[in-house]
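Remarks on the structure that follows.
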Amino acid sequence: MGAELLSLTAAQAAARVAGGELSAGELFAFYRERAAADRAQGAGGLNCFTWVAGEDGAGGADGPLAGVPLAVKDLFCTRGVPSQSGSKILEGYLPPYTATAVERLQNAGAALLAKTNQDEFAMGSSNENSAYGPVRNPWDRTRVPGGSSGGSAAAVAAGLAPWALGTDTGGSIRQPAALCGIVGMKPTYGSVSRYGMIAFASSLDQAGPLTRDVRDAALLLREMAGQDPCDATSLQLPEPVALPSAERLDGVRIGVPGELSGEGIEAGVLKSFRAALETAVSLGAEISEVALPHAPHALAAYYVLAPAEASSNLARFDGVRYGMRAPDARDLLDMYTRTRHDGFGPEVKRRIMLGTYSLSSGYYDAYYGRAQRVRTKIAEDFARAFAGIDLIATPTAPTVAFALGEKTGDPLAMYLNDYCTVPMSLAGIPAISIPCGLADGLPVGLQLAGPAFSENALFDASYALEQALGFDGSVARG
Ligand code: GLN
């Protein structure tokens, strides 16, 4: 029974519950036990979770999601449930409300299974910046799962949750999905409400699904997307998300930018990427080269803009309103200073300092203003490219999963993880990562990106490729 339940995708499990062949309670109990066992092992396990629901957490079998359990990145506010964005500064914070994305999924029938471990305030690419310890990669426990949605990605890959929610600011859904051999989708900016997501960089933050396959990703996005009066930047997708069924790629024009698929990408990753392109051709796709001349500057612009927004967003954590407060302060300023000193980890402090510096009066134009202009150039590059092609393909991450501790001493090496994912974030366009093969026994991700609102085209193309590539992720489920 266990092995059979574990072999089901979330959509298949939902269909069985809806068909009366499986009880929602049984499904919930199965995953709850697996998640609770990992949680009980603490640092000795994969360390995917910061909180796991009790046995009474099962929901009904109603709605399109039919009671299928859902793991949610810690930074989504969930009413009465710890929501700390991987930080010590939010210890003890129990939100009085639930994030819109989560609430919509619950209304569609999902049952809240667990909150997942993440890099503190979503700043990181390896999950080593969590105040609750690193997450391990189920393909190789000495390696990182990627970040910042590392707990969500590892949990889905290891079969500790049928599917999960993550967020992506510069790559935090796509890169961990790639490193863990699962599917991760960052939708068009605005298509999922940010209400109730603990903010990192508001002009970039976007929620999205981490799933076993493409169809699960479409199903989850279909139920959570949509305009929300609580988020003024949210919008309605022009057409509803459809479940993909394409088998061919006839007539689909895929552009490959040399800037993001050559220098700096590991040989094994490139090999797997090129093989995936050949598969696309065999399905009828037309592959051509495309230029994204400003893409190499995306990372530099991102590491000015994201910290600038973060330094402003994180000003609210002052010991007065949420979570922890340093004891025995001499006066108010001392309380602020000590709370932020004790509550924030080193990467978060680094970003606050970078952001405060680039926004300071003497440097604003030189750094923040210039980075904004680069952002515009990058968006224009994509617009120009999409005049002649339908989709863009790149490797998702320059390397496969690396060893725990390998890059913690070198922030710049760590930042390079997002080389291929950050341009799409700056342009606000949708992108998906699907597993396309193995290099040295570890998963490689293929990224497909499209113009704003091309979610359905992306799902269709990645579904067709997924069927043809036949990637087997069952190894990681043990
Ligand atoms: N790794 C990138 C960073 O550290 C992106 C993080 C994210 O997308 N949340 O900022």
Side-chain angles (χ1 to χ4, degrees), residues 73-76 85-87 116-130 134-135 144-153 164-180 184-187 189 192 194 197-210 298-314 344-355 358 371 375 396-399 401-402 406-408 410-433 445 447 449:
K73 190 175 183 178
D74 190 30
L75 64 69
F76 288 90
S85 207
S87 182
T116 61
N117 200 349
Q118 60 164 92
D119 283 302
E120 186 177 6
F121 289 106
M123 297 171 188
S125 303
S126 68
N127 228 286
E128 293 166 295
N129 295 334
S130 168
V135 174
V144 304
S148 64
S149 310
S152 289
L165 268 195
T167 64
D168 191 308
T169 304
S172 278
I173 289 175
R174 291 162 284 162
Q175 184 259 10
L179 270 48
C180 289
M185 156 60 134
K186 180 202 91 77
Y189 180 80
V192 179
R194 284 183 296 109
M197 269 166 51
I198 298 169
F200 164 15
S202 309
S203 78
L204 296 155
D205 295 346
Q206 194 44 217
L210 288 126
L299 212 55
Y302 172 87
Y303 277 100
V304 171
L305 298 174
E309 293 187 30
S311 71
S312 167
N313 272 326
L314 269 51
F344 288 136
E347 183 62 25
V348 174
K349 287 176 182 156
R350 180 180 296 123
R351 306 272 179 121
I352 292 174
M353 287 194 291
L354 280 170
S358 67
R375 184 176 188 173
T396 306
T399 70
F402 46 94
E406 191 179 319
K407 297 185 182 174
T408 39
D410 186 351
L412 290 181
M414 190 68 94
Y415 295 170
L416 280 171
N417 270 289
D418 298 307
Y419 186 72
C420 299
T421 48
V422 152
M424 295 76 183
S425 299
L426 290 173
I429 59 175
I432 188 168
S433 177
Q447 174 176 235

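Every number for a ligand or one of its atoms is a count from 1 in the order of the listing.
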Requested in this report: Can you pull out the closest protein heavy atom to atom 3 (C) of ligand 1? Residue, atom name and distance to 0.1 Å, please.
Outcome: Y303 OH, 3.1 Å
**Report entry** Nearest-contact summary for atom 5 (C) of ligand 1 - protein heavy atom, Å
**Finding:** Y302 OH, 3.2 Å
Report task. Pick whichever of S149, S172, S126 has a heavy atom sitting closest to atom 6 (C) of ligand 1. Result -> S172
Report summary line: A student comparing R351, M414, E347 should find that the heavy atom closest to atom 4 (O) of ligand 1 comes from R351
Query raised in the report: Does N417 offer a backbone N or O that forms a donor-acceptor pair with the side chain of Q175 under 3.5 Å?
Result: no
Query raised in the report: Checking S433 side chain against G184 main chain: does a donor-acceptor pair fall under 3.5 Å?
Result: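 Here the side-chain-to-backbone pair does not exist.
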Requested in this report: Mind checking the OG-CG spacing from S126 to D119? Nearest 0.5 Å is all I need.
Outcome: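 Here the interatomic distance stands at 5.5 Å.
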Query raised in the report: Taking atom OH of Y302 and atom CG of D418, what is their separation to the nearest 0.5 Å?
Result: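 Between atom OH of Y302 and atom CG of D418 there are 6.0 Å.
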With heavy-atom distances below 4.0 Å as the criterion, list the atoms of ligand 1 near [X].
{"X": "M123", "value": "4 (O)"}
{"X": "S148", "value": "9 (N)"}
{"X": "A122", "value": "6 (C), 7 (C), 9 (N)"}

Under 3.5 Å, is there a donor-acceptor pair linking the side chains of [X] and [Y]?
{"X": "S87", "Y": "E120", "result": "yes"}
{"X": "N117", "Y": "S130", "result": "yes"}
{"X": "K186", "Y": "T167", "result": "no"}

Query raised in the report: Are any of the N or O atoms of G124 closer than 3.5 Å to those of ligand 1?
Result: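 By distance alone, the answer is yes.
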Report task. Would you please determine whether A306 falls within less than 4.0 Å of ligand 1 on a heavy-atom basis? Result ->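 Distance cut 4.0 Å: A306 fails for ligand 1.
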**Report entry** F200, portion touching ligand 1 at heavy-atom distance under 4.0 Å
**Finding:**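 It is the side chain that gets close, since no backbone atom is under 4.0 Å.
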Query raised in the report: Between D418 and ligand 1, which residue portion shows a heavy-atom distance shorter than 4.0 Å: side chain, backbone, both, or neither?
Result: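 For D418, only side-chain atoms sit under 4.0 Å from ligand 1.
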Query raised in the report: Side chains of F121 and R351: does their closest heavy-atom pair fall under 4.5 Å?
Result: no
